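Here's the structure, in structure tokens; my notes come after.
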Amino acid sequence: MQDKAYKLLAIQEKISNNQAKELIDNGCVFAMGKKVVIARALMNVKIKFVVHKIKKAKILFEDDNIIVLNKPFGQISENLENIFNAKLINRLDKETSGVLLLSKNEEFRLKCINEYKKQNVYKSYLAIVDGVIAEEIEICEKISTHKGSNGAFSKIDKFGLEAITYVEPLMVNAKKTLIKAIIKTGRTHQIRVHLNHIKHGVIGDEKYAKNISSRMFLHSYETKIFDYTFKALLDESFNVYGFEIKNLNF
């Protein structure tokens, strides 16, 4: 016998159908070692699910103007506004973890947004990518973004907006590379699109690299704005593929 995945998960976890569907949509549910990606997929009623619960965001820094979070993967940035009673300065994709900035007052938020527009904000990310990158690479490929019912989708486009990504290899193991990516521009999905373009897609990037993993291995590592410097160390989820990188400081 078969039934829809979210219904079977709801029974197993003793939660509502809506809660079960949300867990699957957030990429938190696995069966037989693979991520369940379609909530309505028909599955054997005897299937056993493994659920990776979303962690809570941790406060890295707070003062009268700003709250800085280490956002866990799977958490939606906009949902954190209500939790912390502050407005987003930047945002991260649901699948991306790391430094997230929220403002306690509108005047400060607008000043920060202006710094982003003027490209005065330093942003570095860490990622595990497919294949071996042996030397530093500068990717200068214009990007255009289209928004539809399934969210934003970006692509390399000679008529798009300027986008520059600096890639520095940090560790190599088992034909995968831990890299640091520094972006001066901030186009939608820029790092994911650029890395996929050079055939080194981010592991777990289902949209562009078309591969499935326990998470998307992209982490907002360091942000510098005004006189502030914020850094979010990697968590244990990055200790895979032979990398022992927990709490390493790059």
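All of these numbers come straight from a predicted model, not from anything done at the bench.
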Between [atom1] of [X] and [atom2] of [Y], what distance do you get to the nearest 0.5 Å?
X: E62; Y: L102; atom1: CD; atom2: CG; result: 10.0 Å
X: H197; Y: E141; atom1: NE2; atom2: CD; result: 4.0 Å
X: Y116; Y: T185; atom1: OH; atom2: OG1; result: 13.5 Å
X: L110; Y: S103; atom1: CG; atom2: OG; result: 8.0 Å
X: L178; Y: I128; atom1: CG; atom2: CD1; result: 6.0 Å
X: R192; Y: N196; atom1: CZ; atom2: CG; result: 10.0 Å

Would a distance-only check, ignoring hydrogens and angles, find a side-chain to backbone donor-acceptor pair under 3.5 Å from [X] to [Y]?
X: D130; Y: H200; answer: no
X: R91; Y: K94; answer: no
X: K104; Y: I67; answer: no
X: S154; Y: T188; answer: yes
X: N173; Y: Y241; answer: yes
X: Y125; Y: I183; answer: no
X: T177; Y: V129; answer: no
X: K210; Y: K207; answer: yes
X: H219; Y: A232; answer: yes

Less than 4.5 Å apart, side chain to side chain, heavy atoms only: is that true for [X] and [Y]?
X: L218; Y: D205; value: no
X: Q2; Y: L8; value: no
X: M216; Y: V202; value: yes
X: H189; Y: D93; value: yes
X: I179; Y: L195; value: yes

Excluding sequence neighbours, so at least two apart, what forms side chain to side chain contact (heavy atoms under 4.5 Å, CB included) with [X]?
X: S124; answer: Y122, K180, I182, Y221, E222
X: C112; answer: I89, F108, I225, F226
X: S144; answer: H146, K155, D157
X: S16; answer: N18, Q19

Can you name the nearest heavy-atom pair linking [X] to [Y], along with the distance?
X: K224; Y: T229; answer: CG-OG1, 3.6 Å
X: T145; Y: A152; answer: CG2-CB, 4.0 Å
X: A20; Y: A10; answer: CB-N, 3.7 Å
X: G74; Y: I54; answer: O-CD1, 3.2 Å

Between [X] and [Y], is there shared hydrophobic-cluster membership here, with clusters defined by ILVMFWY side-chain heavy atoms closer than 4.5 Å?
X: L42; Y: I47; answer: no
X: I203; Y: L126; answer: yes
X: V193; Y: I198; answer: no

Give every donor-acceptor pair under 3.5 Å between a side-chain atom in residues 21-28 and any protein atom, sequence neighbours left out.
unit_1, atom_1, unit_2, atom_2, d
K21, NZ, D25, OD2, 3.0
N26, ND2, E22, O, 3.3

Under 3.5 Å side-chain donor-acceptor pair for S97 and R215: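 Distance-only check passes for S97 and R215.
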Stepwise side-chain contact (heavy atoms from CB on, under 4.5 Å) check, N90 with V99: CA-CA 9 Å; N90 69 319; V99 176; 5.8 Å; no
Ring pair (Phe, Tyr, Trp, His ring centres under 6.0 Å) involving F238 - partner list, sequence neighbours excluded: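 For F238, the residues satisfying ring pair (Phe, Tyr, Trp, His ring centres under 6.0 Å) (neighbours in sequence not counted) are F217.
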Within residues 72-100 or reaching into it, pairs that qualify as ring-ring contact (aromatic ring centres under 6.0 Å, His included) - sequence neighbours excluded: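 Residue pairs passing ring-ring contact (aromatic ring centres under 6.0 Å, His included), neighbours aside: none found.
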Pairs meeting criterion ring-ring contact (aromatic ring centres under 6.0 Å, His included) with involvement of residues 53-72, two or more places apart: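 Non-adjacent pairs meeting ring-ring contact (aromatic ring centres under 6.0 Å, His included): F61-Y228, F61-F230.
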Residues forming a side chain to side chain donor-acceptor pair (under 3.5 Å) with N65, sequence neighbours excluded: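 N65 satisfies side chain to side chain donor-acceptor pair (under 3.5 Å) with N105 once adjacent residues are dropped.
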Carboxylate-amine/guanidinium contact K111 E115, below 4.0 Å: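 A salt bridge is absent here (no side-chain N lies under 4.0 Å from a carboxylate O).
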Heavy-atom neighbours of [X] [atom1] exceed 12 at 6.0 Å:
X: E107; atom1: CD; answer: no
X: N79; atom1: CG; answer: yes
X: N85; atom1: CG; answer: no
X: I59; atom1: CD1; answer: yes

Linked hydrophobic residues, I76 as query - side chain contacts closer than 4.5 Å: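 Taking Ile, Leu, Val, Met, Phe, Trp and Tyr as members, I76 stands alone, with no cluster partners.
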All pairs passing side-chain hydrogen bond (donor to acceptor under 3.5 Å, both in side chains) where residues 35-54 contributes a residue, at least two apart: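 Pairs touching residues 35-54 that pass the test: K35-E206.
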Steps toward side-chain contact (heavy atoms from CB on, under 4.5 Å) verdict (L80, I83): CA-CA 5 Å; L80 295 170; I83 295 173; 3.9 Å; yes
I156/I143 under side-chain contact (heavy atoms from CB on, under 4.5 Å): CA gap, chis, key distance, verdict: CA-CA 5 Å; I156 302 297; I143 291 175; 4.2 Å; yes
List the atom pairs, with distances to 0.1 Å, where a side-chain N or O of residues 158-171 and a protein N or O form a donor-acceptor pair under 3.5 Å, not counting sequence neighbours.
unit_1, atom_1, unit_2, atom_2, d
T165, OG1, Q190, NE2, 2.9
T165, OG1, H194, ND1, 2.8
Y166, OH, E138, OE2, 3.3

